[in-house]
Amino acid sequence: MRGGYTMLFSQMFMPTMKEDPKEAEVLSHRLMLRAGFIRKLASGIYTWLPLGLRSLRKVENIVREEMNKKGAQELLMPAVQPKELWVESGRWEFYGKELLRFKDRGDHEHCLAPTHEEVVTDLVRREVRSYRELPLILYQIQTKFRDEIRPRFGVMRSREFIMKDGYSFDADEAGAEKSYMAMHDAYEQIFRRCGLRFRAVEADTGQIGGSFSHEFMVLAETGEDIIISCNNCGYAANLERAEVRAVARSITNKGGSYRKVETPGKKKVEDVASFLGIEPSKLIKTLLYATDKGTIGVLVAGDREVNETKLKNLLSLEFLTLADEATIEQVTGGPLGFSGPVGLSIPLYADRDVLCMEDFVVGGNQRDVHIIDVNLGDFSVRDFYDLKVACVGDGCPRCDGFHNATRGIEVGHIFKLGTKYSKSMNATFLDQEGKEKHMVMGCYGIGIGRTVAAAIEQNNDQFGMMLPFSIAPFEVEVLPVNTSHAESMEVADTIYKGLLAKGIDTVLDDRNERPGVKFKDCDLIGMPLRVAVGERGLKEGMVDIKLRTETEPVRIGRDEAIGRVLEYVAKFRGF
RNA sequence: CGGGGCGUGGCGCAGCAUGGUUUAGCGCGCUUGCCUUGGGAGCAAGAGGUCGCUGGUUCAAAUCCAGUCGCCCCGACCA
């Protein structure tokens, strides 16, 4: 039996654990270790064991099917890539330490690929000459490596990971949008079929520009990302992207009545506010940033944070960081913690909240001094923009609703690249008029392993995993309660073989273990459907069928078991 | 990279402040036998650790000191 298709637990390599391993913090990680899905080799580097691999493959196949349905074609690109391509795209320099670099014996520099824009663009530019060959969507399912700052949560954020990455090449913007929408559609199908509760949210497009980027977020308390969504309309975005509705200015106070007050040693907003006996929202924070376009100042309400992504995009900045103390003193004349807009000569950008503030407090640009009763007429800013980090309760930019916040796990990201890579790497084609044009690209990623982990994170109970039929390692487990009871084994074997013959992904727990051990393992691994065959039931010719999601089994005649299982599978497997 | 913590049989831990009664211990797991079989049983007998590594202090180091490696957790990246 060994070496063949092993669907007998007695012969399967499935090291389950009764106790929680110390290294695991989040639930999915713990369960994946306990259920024998994965084992760690090194920080952020994991082996997928047979059970886990079965789930991983099922996700992969769902991805393949849905990608293929959209006309995308699978290929497989190298993980080791020469430096030259990355220099050409400009990313050898920009990618940073996440890009693992090394030299081969000939002293040539290479990297372990974290993503494949360079290679796929190089491939396509060599082979595609004509608009007739476009559009083209290529994808692969392949191991990537990113030397993450801090790997954690097991396979959720690992350094080596399996990713589906796809790339579209179109002749024009309209085509690129079509490809993008096709991928968006495919992703919806993929995550739906994986049984995930998810949401596609708008994401930042950053330096690449363009207006299209969505992240597919699996909703989970332990998610690392924050999703802002409207309680009224369909608007949803990640935190760095989330916009806030503009509010009309209702203040007419022209100012001119401000005065300085002593605020000895009060640098933080909270300290100043409590010292003056006012709410932090009555203050305006003046933050100085060092940028590639010089030092700038940003004004935001005292109780809010500046969204640096918004700021970066607004001013098309390459580089943005908070100014150091020396710069602050030089620009404002006062120390850190006492900066204010009054009298400053650097460019000031204000959050729109400031428009609705009156008689507020700002720093006095000198030690231990703040200014109170300040109004908009008392200083000048370039303009007012949406610059703050969105919060629960903020107004939706699209309707009259308000923002909610939830946590999510990013399992997919689709991105309109435009001509960033086709320009830097000169990927062109001849259009209908014989003119040379740059291809318009998109890229589309799915973390395959992360998707498995996210599904577990979202589907579990105190006993273990509760994966859906579509991605559980097996669909059905036949569990003979006592393997030394001949009739039990006979009936179990008949049902097991009968289900296999019907194309049901079935496993037989034929281990000579005590019942408790087998039931616990079955629950831990989260077999969607369990058929328990025991001496007791058989006395009446019955076996027990139980869905993992139900608490009580259904007792049914032994000869009807296969038929009933087929009904369940038909109902829940779907697709 | 900064801050915190941990490295002791396969897993989870105790022992370490106050070096020597410890032949380094416990639970789970593992092996063998008996027994048991509808929710991680019971009894008995076993196997398995140069206490992360290197160096130092000492008559004596799991225990003290230094260095080093690995891992985990909290903050800056991304699928």
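Each chain gets a letter, A, B and so on, in the order its sequence line appears, and its residues count up from 1.
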S.K.: Under 4.0 angstrom, heavy atoms only, what part of the nucleic acid is A/Gly412 near: base, sugar-phosphate, or nothing?
M.R.: sugar-phosphate

S.K.: Identify each donor-acceptor pair in which a side-chain atom of residues 457-466 of chain A lies under 3.5 Å from a protein atom, sequence neighbours left out, and give them as a table.
M.R.:
{"residue": "A/Glu457", "atom": "OE1", "partner": "A/Ser28", "partner atom": "N", "Å": "3.0"}
{"residue": "A/Glu457", "atom": "OE1", "partner": "A/Ser28", "partner atom": "OG", "Å": "2.6"}
{"residue": "A/Glu457", "atom": "OE2", "partner": "A/Thr222", "partner atom": "OG1", "Å": "2.7"}
{"residue": "A/Gln458", "atom": "OE1", "partner": "A/Arg197", "partner atom": "N", "Å": "2.8"}
{"residue": "A/Gln458", "atom": "NE2", "partner": "A/Arg197", "partner atom": "O", "Å": "2.8"}
{"residue": "A/Gln458", "atom": "NE2", "partner": "A/Leu219", "partner atom": "O", "Å": "2.8"}
{"residue": "A/Asn459", "atom": "ND2", "partner": "A/Ala455", "partner atom": "O", "Å": "2.8"}
{"residue": "A/Asn460", "atom": "ND2", "partner": "A/Ile456", "partner atom": "O", "Å": "2.9"}
{"residue": "A/Asn460", "atom": "ND2", "partner": "A/Glu457", "partner atom": "O", "Å": "3.1"}
{"residue": "A/Asp461", "atom": "OD1", "partner": "A/Phe463", "partner atom": "N", "Å": "2.8"}
{"residue": "A/Asp461", "atom": "OD1", "partner": "A/Gly464", "partner atom": "N", "Å": "3.2"}
{"residue": "A/Asp461", "atom": "OD1", "partner": "A/Arg548", "partner atom": "NH2", "Å": "2.8"}
{"residue": "A/Asp461", "atom": "OD2", "partner": "A/Arg548", "partner atom": "NH1", "Å": "2.9"}

S.K.: Could you tell me the separation between the NZ atom of A/Lys18 and the C1' atom of B/G27, rounded to a whole number of Å?
M.R.: 10 Å

S.K.: Assess the pair A/Trp48 and A/Phe37: is the distance between their ring centroids shorter than 6.0 Å?
M.R.: no

S.K.: For a quick check of understanding: with a heavy-atom distance under 4.0 Å over all strands, which category does A/Ser158 fall into, base, sugar-phosphate or nothing?
M.R.: base

S.K.: Could you measure between the two C1' atoms, the one in B/G33 and the one in B/U21, and give it in whole Å?
M.R.: 35 Å

S.K.: Verify side-chain hydrogen bond (donor to acceptor under 3.5 Å, both in side chains) between A/Arg101 and A/Tyr95, making sure each step is shown before the conclusion.
M.R.: CA-CA 11 Å; A/Arg101 303 151 211 249; A/Tyr95 214 99; over 6 Å; no

S.K.: Determine the interatomic distance between P on B/G56 and the same-named atom on B/A62; round to the nearest Å.
M.R.: 15 Å

S.K.: Could you check how far OH of A/Tyr167 sits from C1' of B/A79, rounded to whole Å?
M.R.: 11 Å

S.K.: Roughly how many Å is it from NZ in A/Lys520 to C1' in B/G29, rounded to a whole number?
M.R.: 17 Å

S.K.: For residues A/Asp510 and A/Ser10, is any side-chain donor paired with an opposing acceptor at under 3.5 Å?
M.R.: yes

S.K.: B/G40 base stacked by A/Phe519? Criteria: ring centres under 5.5 Å, plane angle under 30°.
M.R.: no

S.K.: Each nucleotide N or O in nucleotides 31-36 of chain B that has a protein N or O under 3.5 Å away: list the pair and distance.
M.R.:
{"residue": "B/U36", "atom": "O2", "partner": "A/Arg514", "partner atom": "NH1", "Å": "2.6"}

S.K.: Does B/G75 have a Watson-Crick or wobble mate here (both distances under 3.5 Å), and if so which one?
M.R.: B/C1

S.K.: How far does the C1' atom of B/C51 sit from the matching atom of B/C26, given to the nearest Å?
M.R.: 15 Å

S.K.: Can A/Lys144 and A/Glu160 be counted as an ion pair, charged N to O under 4.0 angstrom?
M.R.: no

S.K.: On RNA chain B, check which nucleotide each of A/Ile448 and A/Lys546 is closest to and give me the residue with the more 5' one.
M.R.: A/Lys546

S.K.: Using whole Å, what does the distance between atom P of nucleotide B/A79 and atom NE2 of A/His214 come to?
M.R.: 15 Å

S.K.: On the six-membered ring of A/Phe474, is A/Arg54 placed so that its NZ or CZ lies under 6.0 angstrom from the centre and within 45° of the ring axis?
M.R.: yes

S.K.: Could you pull out every donor-acceptor pair under 3.5 Å between side chains of residues 531-545 of chain A and any protein atom, sequence neighbours left out?
M.R.:
{"residue": "A/Asp544", "atom": "OD1", "partner": "A/Arg555", "partner atom": "NE", "Å": "2.9"}
{"residue": "A/Asp544", "atom": "OD2", "partner": "A/Arg555", "partner atom": "NH2", "Å": "3.0"}

S.K.: Check the distance between B/A79's C1' and A/Glu160's CD and give it to me in whole angstrom.
M.R.: 14 Å

S.K.: Which pair of non-hydrogen atoms, one from A/Glu550 and one from A/Lys546, has the smallest distance, and what is that distance?
M.R.: O-NZ, 2.9 Å

S.K.: Rounding to an integer number of angstrom, what distance separates B/A79 and B/G12 when you compare their C1' atoms?
M.R.: 33 Å

S.K.: Between B/G38 and B/C34, how many Å separate the two C1' atoms, rounded to a whole number?
M.R.: 23 Å

S.K.: What are the atom names and distances for every N/O pair under 3.5 Å that joins the protein to nucleotides 45-48 of chain B?
M.R.:
none

S.K.: On a plain distance test, is the side chain of A/Arg157 in donor-acceptor contact with the base of B/C77 below 3.5 Å?
M.R.: yes

S.K.: Please state the C1' separation for the pair B/G70 and B/A76 - nearest whole angstrom.
M.R.: 23 Å

S.K.: Which base, if any, makes a Watson-Crick or G-U wobble pair with B/C51, both distances under 3.5 Å?
M.R.: none

S.K.: Under the side-chain hydrogen bond (donor to acceptor under 3.5 Å, both in side chains) criterion, do A/Ser213 and A/Glu215 qualify, and how do the steps go?
M.R.: CA-CA 7 Å; A/Ser213 180; A/Glu215 289 173 346; over 6 Å; no

S.K.: Would the base of B/G38 count as contacting A/Asp544 through its side chain, where contact means a donor and an acceptor less than 3.5 Å apart?
M.R.: yes

S.K.: Which part of the nucleic acid does A/Val517 contact within heavy-atom distance under 4.0 Å: base, sugar-phosphate only, or nothing?
M.R.: base

S.K.: Please report the distance, rounded to the nearest Å, between CD in A/Glu215 and C1' in B/C77.
M.R.: 12 Å

S.K.: Provide the distance between the two P atoms, one in B/C43 and one in B/A14, to the nearest whole Å.
M.R.: 26 Å

S.K.: Base, sugar-phosphate, or nothing for A/Gly449, non-hydrogen atoms under 4.0 angstrom?
M.R.: nothing

S.K.: Base, sugar-phosphate, or nothing: which does A/Arg34 touch, judged by heavy atoms less than 4.0 Å apart?
M.R.: base

S.K.: Taking a pair as Watson-Crick or G-U wobble with both distances under 3.5 Å, which nucleotide is matched to B/G70?
M.R.: B/C6

S.K.: Which nucleotide, in any strand shown, forms a Watson-Crick or G-U wobble pair with B/A44, with both distances under 3.5 Å?
M.R.: B/U32

S.K.: If you measure from the P atom in B/G75 to the same atom in B/G19, how many Å do you get, rounded?
M.R.: 39 Å

S.K.: Starting from the 5' end of RNA chain B, give me the residue, A/Phe153 or A/Pro553, whose nearest nucleotide shows up first.
M.R.: A/Pro553

S.K.: When we call it a touch if two heavy atoms are under 4.0 Å apart, what does A/Gly516 touch: a base, just sugar-phosphate, or nothing?
M.R.: sugar-phosphate

S.K.: Calculate the interatomic distance between A/Lys539 atom NZ and B/U37 atom C1'; express it in whole Å.
M.R.: 12 Å

S.K.: Scan nucleotides 6-13 of chain B against the protein and return all N/O pairs shorter than 3.5 Å with their distances rounded to 0.1 Å.
M.R.:
{"residue": "B/C6", "atom": "O2'", "partner": "A/Lys22", "partner atom": "NZ", "Å": "3.1"}
{"residue": "B/G12", "atom": "OP1", "partner": "A/Lys22", "partner atom": "N", "Å": "3.2"}

S.K.: Taking only side-chain nitrogens and oxygens of A/Thr115, does any of them come within less than 4.0 Å of OP1 or OP2 of B/A79?
M.R.: no

S.K.: For B/A17, does the O4'-C1'-N9-C4 (purine) or O4'-C1'-N1-C2 (pyrimidine) torsion place it in syn, i.e. within 90° of 0, or in anti?
M.R.: syn

S.K.: Taking atom types as modelled and ignoring hydrogens, do the side chains of A/Ser168 and A/Tyr444 form a donor-acceptor contact shorter than 3.5 angstrom?
M.R.: yes

S.K.: Looking at every strand, decide which applies to A/Lys40 at a 4.0 Å heavy-atom threshold: base, sugar-phosphate, or nothing.
M.R.: sugar-phosphate

S.K.: In whole Å, what is the span from the CE atom of A/Met183 to the P atom of B/A79?
M.R.: 17 Å

S.K.: Choose from B/G75, B/U37, B/C71 the nucleotide whose nearest atom is closest to any side-chain atom of A/Ala42.
M.R.: B/C71

S.K.: So what does A/Arg530 touch, heavy atoms closer than 4.0 Å: a base, only the sugar-phosphate, or nothing?
M.R.: base

S.K.: Regarding A/Glu148, tell me which of base, sugar-phosphate or nothing describes its non-hydrogen contacts under 4.0 Å with the strands shown.
M.R.: base

S.K.: For the aromatic rings, using the six-membered ring if either is Trp, is the centroid distance between A/His184 and A/His214 under 6.0 Å?
M.R.: yes

S.K.: Enumerate the protein-to-nucleotides 1-3 of chain B contacts in which both atoms are nitrogen or oxygen and the separation is below 3.5 Å.
M.R.:
none

